[in-house]
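What follows is a single structure, written as C-alpha cells, with notes after it.
Any value given below was found using the heavy atoms of this structure, including those in side chains, with hydrogens, waters and symmetry copies removed. Whatever order the structure lists them in is the order used to number ligands and atoms, beginning at 1.
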Amino acid sequence: MSRIVIALGGNALGDTAREQQSRIEKAAPALVGLIKQGHEIIISHGNGPQVGMIKLAFDKASETDPSIDDLELPECTAMSQGYIGFHLQKGLYRQLRREGMPWHVATVITQMEVDARDPAFQNPTKPIGVFYTREQAQALSREHPEMVFREDAGRGWRQVVASPLPRDIVEKDSILNLLDDEFIVIACGGGGIPVVKDKEGNYTSVPAVIDKDFASAKLAEMVDADYLFILTAVDRVAIDYGKPQQRELEKMSVKEARRYAGEGHFAPGSMLPKIQAAVAFAESKKGRRAIIASLEKAPLAMRGESGTEIYLN
Ligand code: ADP
Ligand code: MG
C-alpha cells in the first residue's frame with residue numbers, strides 16, 4: 001500500500017462550476033480506483049480560474065453596489081477551497097457508493113504559513129482580479145497604499161500579489177488525524193490560504209497566492225507520502241514543448257530535470273513549478289517518486305503507462 005498525494009490542476013478542472021463538476025465526476029472512478037488498489041489518497045488542488053472568477057464577481061458587484069464588499073483574496077481562496085472541496089466530496093461519494101465502499105471524505109479549509117520576510121513580498125508577480133485603467137489603478141493605490149498595480153500585457157492595469165513559498169500547514173494535525181481515521185482528505189486547495197504568524201503565535205491572513213504545486217509537495221512531505229501525483233492538462237512533460245522537435249518524457253531523473261529547467265524547457269508559472277515541486281519531493285526522502293500526468297490518464301500513469309516520473313538518481 002502506498003500513500004499518494006494527488007494535486008489536481010485548477011485548469012484541468014475547467015472554467016465553470018458545471019464543467020468542474022462533470023470533470024470531477026469523470027475523474028472519480030480513477031481516484032477511487034487507486035483506493036481499490038489498496039492505496040491511500042490525499043487530494044490537493046489548484047484554484048487559478050476559480051479564485052479569479054470569485055474575485056472578479058465580487059469586484060464587479062462592489063463596483064455597481066457599494067453595499068457589497070470587495071472581498072479580500074484570502075476569503076476568495078477560502079471560498080474556492082469550499083466549493084471545489086464540495087464537488088470533490090460529492091463526486092467521490094457517488095463513486096464510492098457505486099463501488100459499495102463505505103469510505104469518508106472530508107475537506108479541510110487549509111491555512112498555509114508563509115514567512116513575512118519572504119523576498120516574494122518585495123516583488124509581487126501574480127495578477128489577480130479585474131482590469132483597471134491607469135487612472136483607476138493610481139486612485140486605488142492612493143486609497144490603499146499596500147496594493148500594487150502593474151500593466152498586464154497591454155490589456156490594462158491589474159493588482160499583483162506576492163507568491164511566497166509555503167512553510168508550514170496550520171491544520172496539519174487535523175489532516176493527520178483524519179488520515180489516521182481512514183478519511184479521504186482534501187486539503188491545501190489553491191496552495192492554501194497564506195497566513196503569517198506574529199510573536200504571540202497568532203495567524204493573520206495576507207493577500208498573496210501560494211503556488212499549489214509547491215504546497216502539494218509540502219503536503220506530501222508532511223503526510224510522509226510515497227508518491228506525489230501532479231495531474232494537469234498534458235499527458236507528459238515534454239522538452240522543446242510546442243516546437244516541431246517536441247519530445248515527451250516517460251522518466252526524468254532529478255539531475256536531468258534540473259538540466260532541462262536550466263535550458264528553459266519548462267514555462268515559468270505553469271510547468272516549471274511542477275518540475276520544481278516534483279524535484280523537491282523526490283529529493284526529500286529515498287524512494288519518494290513524483291509523477292506528472294493528465295487527469296484522464298491518472299490510472300495509466302499509476303501503472304507506468306502514461307505520465308512522466310521524476311526520480312532521485
Ligand atoms: P495546472 O492548472 O494544472 O497547474 P498549468 O496550466 O499551470 O496547469 O500548467 C500545465 C501547462 O504547462 C500545460 O497544459 C502546458 O500547456 C504547459 N507547459 C509548459 N511547458 C511544458 C512542457 N515542457 N511540457 C509540458 N507542458 C508544458
Ligand atoms: Mg498551474
In T107, L92, V5, the residue satisfying side chain to side chain contact (heavy atoms under 4.5 Å, CB included) with I43 is L92
Quiz item: Has the side chain of E113 got a donor or acceptor atom that lies under 3.5 Å from a matching backbone atom of K197?
Solution: no
Atom 13 (C) of ligand 1: closest protein heavy atom, distance to 0.1 Å, is V234 CG1, 3.8 Å
Near K274 (heavy-atom distance under 4.0 Å), the atoms of ligand 1 are 1 (P), 3 (O), 4 (O), 8 (O), 9 (O), 10 (C)
Answer yes or no for K251 and Y311: cation-pi contact, defined as NZ/CZ to six-membered ring centre under 6.0 Å and angle to ring axis within 45°. yes
*asked:* For a 4.5 angstrom cut-off between non-hydrogen side-chain atoms, does K297 reach R236?
replied: no
Note, V234 side chain near M271 side chain (heavy atom, < 4.5 Å)
yes
Check your understanding: Does the distance from a Lys or Arg side-chain N to an Asp or Glu carboxylate O, for K274 and D211, drop under 4.0 Å?
Key -> no
Of all protein heavy atoms, the one nearest atom 24 (N) of ligand 1 is A238 N, 3.0 Å
Ring of Y227, cation from R289 - is the NZ or CZ under 6.0 Å from the centre and inside 45° of the axis? no
Checklist entry - Looking only at heavy atoms of G10, does any of them come nearer than 4.0 Å to an atom of ligand 1? => result yes
CG (D59) and CD1 (I54) are apart, to the nearest 0.5 Å, by 12.0 Å
message: Does ligand 1 come near enough to H265 that some N or O of the ligand is less than 3.5 Å from an N or O of the residue?
response: yes
In ligand 1, the atoms that come under 4.0 Å of a heavy atom of K212 are 1 (P), 3 (O), 4 (O)
protein heavy-atom neighbour closest to atom 3 (O) of ligand 1 works out as T232 OG1, 2.7 Å
A student checking ligand 1 against A233 at a 4.0 Å heavy-atom cut-off should list atoms 14 (O)
The protein heavy atom nearest to atom 6 (O) of ligand 1 is N11 ND2, 3.1 Å
Atom 16 (O) of ligand 1 has as its nearest protein heavy atom Y241 OH, 2.9 Å
For atom 11 (C) of ligand 1, the closest protein heavy atom turns out to be S270 CB, 4.0 Å
